[in-house]
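Only heavy atoms go into these numbers, but all of them, side chains included; no hydrogens, no water, no symmetry mates. Below, chains carry the letters A, B, ... as their sequence lines are ordered, and counting in each starts from 1. Computed from a prediction, not measured in an experiment: that's the story for all the values here.
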Amino acid sequence: MPELPEAETIRRQLEHEIIGRRIVSVRVLRASLVRRQAPEELMRTVIGRSIERIGRRGKAVVVTLDAKSGATLVFHLGMTGQILVAPREAEPDRHTRVVFALDDGRQVFFQDQRTFGDVAAYPETDWRKIPDLAAYGPEPLKPAFNVRYLRQTLPRRSAKIQAVLMDQHFVAGIGKIYADEITYAARIHPERAANSLSEQEMRRLVRATKRILRLAIGHGGTSAADEKYVDAYGNYGGFQFLLNTYQRTGEPCRRCGRPIQHLPLQGRRAHFCPRCQR
DNA sequence: AGTTGGACCTGACTGC
DNA sequence: TGCAGTCAGGTCCAAC
């Protein structure tokens, strides 16, 4: 559930808290969260290095260590991943998977109940050379995600628009919650073939994407009913109060009053208003 | 190359 | 009360 707005909220908080700190030790409590390399390799790559920059690519939180001849730490939060800044005396709990100790005594806990997340270290500070990040589609909040891009890519996509929106290779950072909210805001039915969108619908989709994501960032992300997301301080977001369709099956559409429905899509549920979305 | 569906994982919840 | 079954979903992989 952490998607772009949640990752961005955490990024901003980490930027405020841990820039300039040095990583003095790493404890891997659950090796399956370090699945792209041996835990020892991750430790060797990051220990002793200073945190110089906190970035984000799609849903991934990207930590640059020693920008010159340094390294990069990439966190994928999966469904239930959390990055918590913890005081010196804090103890890991049963969901703490990796602990980074900082030179000021504080700790960064990588928590993950369902263990779909992962963290990896690369001896490289150029994101373009980090394979999974390089393969992502454009950042939705950057100018490169625009109507021209949709015009160029969507004609080749026969899949449902909701599925294409969640495809990280098409655009980075959108998952279930925001795919639901974006198609609603754009008034496009989630099952529409991506290659059937009109010019006007593409414009609505681009604008809705940027508007919803910015709004959600402004509210600190979404902490939905189950698997509640928390930020780097352990606090909930506030966007769940502004959701129009996600997990609102049976509740009235805020625009027309019709009950929100859901249908199976990509092995998940897509929520939508049968009247407002065509 | 694009699309689809299953697997992974854990905890909460449902129903018998 | 107990326990099996179901659900949630980001990402990867295989198969078409």
Separation of [N] [atom2] from [X] [atom1] (nearest whole Å):
| X | N | atom1 | atom2 | result |
| --- | --- | --- | --- | --- |
| A:Leu29 | B:dT10 | CG | C1' | 17 Å |
| A:Lys228 | B:dA12 | NZ | C1' | 13 Å |
| A:Glu191 | B:dT3 | CD | C1' | 15 Å |
| A:Leu154 | B:dA1 | CG | P | 18 Å |
| A:Arg97 | B:dC9 | CZ | P | 12 Å |
| A:Asp167 | B:dG5 | CG | P | 15 Å |
| A:Gln266 | B:dG2 | CD | C1' | 12 Å |
| A:Gln82 | B:dG11 | CD | P | 13 Å |

Could you check which of [options] has an atom nearest any side-chain atom of [X]?
| X | options | value |
| --- | --- | --- |
| A:Ser158 | B:dT4, B:dT3, B:dG11 | B:dT3 |
| A:Arg157 | B:dT4, C:dA8, B:dG2 | B:dG2 |
| A:Gln113 | B:dT3, C:dA8, B:dT10 | B:dT10 |

Is any side-chain nitrogen or oxygen of [X] closer than 4.0 Å to OP1 or OP2 of [N]?
| X | N | answer |
| --- | --- | --- |
| A:Thr80 | C:dA8 | no |
| A:Arg30 | B:dT10 | yes |
| A:Arg156 | B:dG2 | yes |

Which nucleotides of nucleotides 10-16 of chain C have their base under 4.0 Å from a protein heavy atom (B), which only their sugar-phosphate (S), and which neither (-), written as one string 5' to 3'?
BBS----

Please say which of A:Thr209, A:Thr183, A:Thr222 ends up in a side-chain hydrogen bond (donor to acceptor under 3.5 Å, both in side chains) with A:Tyr178.
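Single pass found, and it is A:Thr222.
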
Do any pairs count as a side-chain hydrogen bond (donor to acceptor under 3.5 Å, both in side chains) and have a residue in residues 42-53 of chain A, sequence neighbours left out, and if so which ones?
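side-chain hydrogen bond (donor to acceptor under 3.5 Å, both in side chains) check on residues 42-53 of chain A returns no pairs.
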
Answer yes or no for A:Lys129 and A:Tyr122: cation-pi contact, defined as NZ/CZ to six-membered ring centre under 6.0 Å and angle to ring axis within 45°.
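The answer is no, since A:Lys129 fails at least one limit relative to A:Tyr122.
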
Within 45° of the axis and under 6.0 Å from the centre of the six-membered ring of A:Tyr184, does NZ or CZ of A:Arg255 qualify?
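Cation-pi check for A:Arg255 and A:Tyr184: passes.
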
Might you list the N or O atoms of the protein lying below 3.5 Å from N or O atoms in nucleotides 4-7 of chain C, with each pair's distance?
none

Helical bend (five base pairs per end, nearest 10°) for the helix from B:dG2-C:dC16 to B:dC16-C:dG2:
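Computed angle between terminal axes is 50°.
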
Would you compute the distance between atom [atom1] of [X] and atom [atom2] of [Y] and round it to the nearest 0.5 angstrom?
| X | Y | atom1 | atom2 | result |
| --- | --- | --- | --- | --- |
| A:Ile177 | A:Leu4 | CD1 | CG | 12.5 Å |
| A:Met166 | A:Ile161 | CE | CD1 | 10.5 Å |
| A:Asp231 | A:Ile10 | CG | CD1 | 7.0 Å |

Test: ring-ring contact (aromatic ring centres under 6.0 Å, His included). Region: residues 253-278 of chain A. Which pairs qualify, not counting sequence neighbours?
A:His189-A:Phe272, A:Tyr246-A:His271, A:His262-A:His271

Not counting sequence neighbours, which residues clear side-chain hydrogen bond (donor to acceptor under 3.5 Å, both in side chains) with A:Glu40? List them please.
none

Please work out if A:Ser32 contacts a base, only the sugar-phosphate, or nothing of the nucleic acid, heavy-atom cut-off 4.0 Å.
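No contact.
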
Under 4.0 angstrom, heavy atoms only, what part of the nucleic acid is A:Arg94 near: base, sugar-phosphate, or nothing?
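It contacts sugar-phosphate atoms only.
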
May I ask you to test the A:Tyr233-A:Gln13 pair for a side-chain heavy-atom distance under 4.5 Å?
yes

Close aromatic pair by centroid cut-off 6.0 Å: A:Phe75 and A:Phe109:
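Here the rings of A:Phe109 and A:Phe75 have centres that are no less than 6.0 Å from each other.
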
Is the gap between the ring centers of A:Phe170 and A:Tyr149 under 6.0 Å?
yes

Heavy-atom nearest nucleotide on DNA chain B for A:Ala163 versus A:Thr115: which residue maps closer to 5'?
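Between the two, 5'-proximity favours A:Ala163.
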
